[in-house]
> 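Before I ask anything, let me first share the structure, which is written out below as structure tokens.
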Number of protein chains: 2
Amino acid sequence: MAVCELISNNGFDAVTVARTAATAGISVGLVQHYFRTKDEMLLHAFHHVSTHVRHRIDKRIQAGIEHRRPIARVLAAGMAELLPLDATRRTEFRVMRAFAGRALDVPALAEVDIETARALRADIARAVRNGKECGEVEPDLDPWPAAVRLAAVTDGLALQVYRDPDGVQGIPAKELTSSILDAELGATFTGQCRQYDSRKDRP
Amino acid sequence: MAVCELISNNGFDAVTVARTAATAGISVGLVQHYFRTKDEMLLHAFHHVSTHVRHRIDKRIQAGIEHRRPIARVLAAGMAELLPLDATRRTEFRVMRAFAGRALDVPALAEVDIETARALRADIARAVRNGKECGEVEPDLDPWPAAVRLAAVTDGLALQVYRDPDGVQGIPAKELTSSILDAELGATFTGQCRQYDSRKDRP
DNA sequence: GCGATAACCGTACGGCTATACCGTATAGCC
DNA sequence: GGCTATACGGTATAGCCGTACGGTTATCGC
């Protein structure tokens, strides 16, 4: 959408109704026809990009499941999708981050932000539960602290990578993040999968 | 400063030169006398609040060192200072986050953001090195990946706590974060300090 | 075919903003 | 005493923004 294009190219402040209309190649009046106010437009854009990222991750996870990969590896691939390791994910991160910044003041945006984060956390918790069933995770482990930790690590690593895209102290970002993510997952997924019914992972 | 007060009370968009002057009880002209442009004013405010937080953490760490606590525990206290677990830290987090959001578009703000993060990471890395010297950390461990991981966990946990201040699934935020931080530190600080018996500091 | 509804454009307007500018006063220095 | 720099207040202005509004074309059920 035009809003995201403007944000990633010229920053959030550059997003005006007139400019958005120009970017999309339509008139101001038509924008108003679809969105009564500017806030409504921004909310829609945030929702749009959030679900877009989410679907991309879901697709990646589905692919991993169909290849019958271990849950830990599927999860690692999904979480890596949130790290700004290439240009695409980097602009995506910029846009998401800009919206999250505004969400501090606009409750409607905050709701989307919180809901997105909650959904991600719930997905991770479900993956841990699945891991318990198939033997990758110890049976008497509470999935939620692990989910919070893994979600936090993903968020935090994304920030670190964004700020230092070239890595730290000569260690490339890709190696750094993948080794950290593997270690974090290894703290929870300690065993190997016995058998696993992939149908349970579907939403 | 008046800028931070406005941000935390009314959001970043409410920060105008006129309103800032009114909040500070001075005239617009005087603000212009000190800061040639609004951006300059914001940059100064960001720098101000960043160093303020940093000094608070440093004080906390210094206190821990003087009490001869294990490095891991000193570090835990310092990192917890960045989590929005009470009203003070929450508004501080809001302000820092608002600036970080603008930093996506304003290079001068981004520089402060990056520099602050780098300094925190360097401090953690130094703590790990100190841990190696005194026996809390294995001698042949690279401090930087550990520092990146711990910094990322802190950032990420702060986000989680901000979004869900009451915790997750009935687990209070304070317990959740402290157990996660302890586990993360425990992954690096595996030994006990030779010089001091840390058992009396343990719960 | 025709009325209604939706898609679409252009512009006018009131409000807010950053900032340039001018005026004053106070304090330090020669 | 004068002179200059700094501290401070008030205001004018040009520009941009969101949004209201009136007009035009296209679509479609009946």
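In what follows, chains are A, B, ... by sequence order, proteins preceding strands, each numbered from 1.
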> Picking from B:Arg56, B:Arg97, B:Arg54, what satisfies salt bridge (Lys or Arg N to Asp or Glu O under 4.0 Å) with B:Glu92?
B:Arg56
> Please give the nucleotide sitting opposite C:dC29 as a Watson-Crick or G-U wobble pair, both distances under 3.5 Å, or none.
D:dG2
> Locate the shortest heavy-atom distance separating A:Arg89 from A:Leu83; write the atom from each residue and the value.
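Nearest pair, atom of A:Arg89 first, then A:Leu83: CD-O, 3.2 Å.
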> Pick the closest DNA chain D nucleotide for A:Gly29 and for A:Arg19 by heavy atoms, then say which residue is nearer the 5' end.
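Of the two residues, A:Arg19 wins.
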> With a 4.5 Å cut-off on side-chain heavy atoms, are A:Arg149 and A:Thr188 touching?
yes
> Rounded to the Å, how far apart are B:Lys38 NZ and C:dC16 C1'?
11 Å
> From the 5' end of DNA chain D to its 3' end, which nucleotides mark the outer limits of contact with chain A, defined by a 4.0 Å heavy-atom distance cut-off (strictly under)?
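Going 5' to 3' along DNA chain D, contacts run D:dC17 to D:dC21.
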> Identify the residue among A:Thr116, A:Asp113, A:Ile7, A:Val112 that makes a side-chain contact (heavy atoms from CB on, under 4.5 Å) with A:Phe99.
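Per the side-chain contact (heavy atoms from CB on, under 4.5 Å) rule, the option paired with A:Phe99 is A:Ile7, out of A:Thr116, A:Asp113, A:Ile7, A:Val112.
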> Between B:Gln32 (CD) and C:dC21 (P), how many Å, whole number?
11 Å
> For the pair made of CG in B:Leu30 and C1' in C:dG23, what is the distance, rounded to whole Å?
15 Å
> Backbone N or O of B:Asp142 within a donor-acceptor pair of the B:Lys132 side chain at under 3.5 Å?
no
> Give a yes/no verdict on a cation-pi contact between B:Arg94 and B:Tyr162, requiring under 6.0 Å between NZ or CZ and the six-membered ring centre and an angle within 45° of the axis.
no
> Would you tell me if any nitrogen or oxygen in the side chain of A:Tyr34 comes within less than 4.0 Å of OP1 or OP2 on C:dA6?
no
